[in-house]
Number of protein chains: 2
Amino acid sequence: MKLLSRQEEVVLLSIWKLKGNAYGVTVREYISEITGKYWSIGSIYVPLDRLVEKGLVTTYQGLPTKRRGGRSKRFYEITPEGMKVLAEMRQVQRILWKDFPEVTAENNK
Amino acid sequence: MKLLSRQEEVVLLSIWKLKGNAYGVTVREYISEITGKYWSIGSIYVPLDRLVEKGLVTTYQGLPTKRRGGRSKRFYEITPEGMKVLAEMRQVQRILWKDFPEVTAENNK
DNA sequence: TGGTTTTCTTCTATAAATTAGAGGATATCG
DNA sequence: CGATATCCTCTAATTTATAGAAGAAAACCA
């Protein structure tokens, strides 16, 4: 299997992080918060679909809640296969980033 | 600026890691070694060109060496801007991967 | 109750990045 | 010079990412 793409990595990790509360809107908010960048709706939902296709996440329809309004949520959960792929991904990253210097105030003088 | 794409990250880090010995062939070998996967020639050179365009690396033509054969090498070097982008990238990754569980023999039982 | 508001997703067109490898350039060896 | 070795250029095809309009569905409220 190839390496995860950037968006796949970020979205998959977000789903893992959000536990039982991962759906389109929360995933998008979370990613914006972490990265400090703007992400269009499509930048979240398109990779989400692909992760489902690949079997790295499962999805199920949420039920109406007491909160006002809203189409029902589509929740996502990471699969064991998804966890495995993330673990492999991290291994590669650790080797790649090994020894990369820390940025300190000193470096920026 | 957007996040680095996966290939940009991997190639850029390889250039940094290879110091004065980063050119197409060594970068490709290095990435294969680290990831354990096959990478076509184009998967290296196309992102390399883009990194140059973006100002994250510089390039210069190498001179003939004593080793047999060969078109002269095109070397690459990371720029200060490249280092900065990598440092930002790592920040994002650290937050994303924070708390992700270690894989142990125990987990796989 | 029906119009309004809110929350969230679906869909799809366009742009960008990745992948693949044939082909060619250029050097040394014998 | 011919054979061989090393490395790069180029571009077509595929896959991913990006954008946001449109619409679905629930609760609110006059």
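Every chain is numbered from 1, with letters handed out A, B, ... down the list of sequences.
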Output the rounded distance in Å from NZ (A/Lys37) to C1' (D/dA19). 18 Å
I need the single residue from A/Val27, A/Leu56, A/Thr59 that forms a side chain to side chain contact (heavy atoms under 4.5 Å, CB included) with A/Ile15. Which is it? A/Val27
From OH of B/Tyr38 across to C1' of C/dA20 the rounded distance in Å is 7 Å
Restricting to pairs with a member in residues 72-99 of chain B, which pass ring pair (Phe, Tyr, Trp, His ring centres under 6.0 Å), not counting sequence neighbours? B/Tyr23-B/Phe75, B/Tyr60-B/Phe75, B/Trp97-B/Phe100
Ion pair check, B/Glu53 and B/Arg50, cut-off under 4.0 Å: no
Taken to the nearest whole Å, CG/B/Leu48 to P/D/dC8 is 9 Å
Hey, is NZ on B/Lys84 packed in by over 12 heavy atoms from elsewhere, all under 6.0 Å? no
Rounded to the nearest 0.5 Å, what separates atom CD in B/Gln93 from atom CG in B/Leu4? 9.5 Å
Can you name the ring pair (Phe, Tyr, Trp, His ring centres under 6.0 Å) partners of A/Trp39, sequence neighbours left out? none
Taking protein heavy atoms under 4.0 Å as touching, what does nucleotides 8-18 of chain C look like 5' to 3' if B marks base contact, S marks sugar-phosphate-only contact and - marks none? BBB-B----SB
Rounded to whole angstroms, how far apart are CG on A/Leu63 and C1' on D/dA27? 16 Å
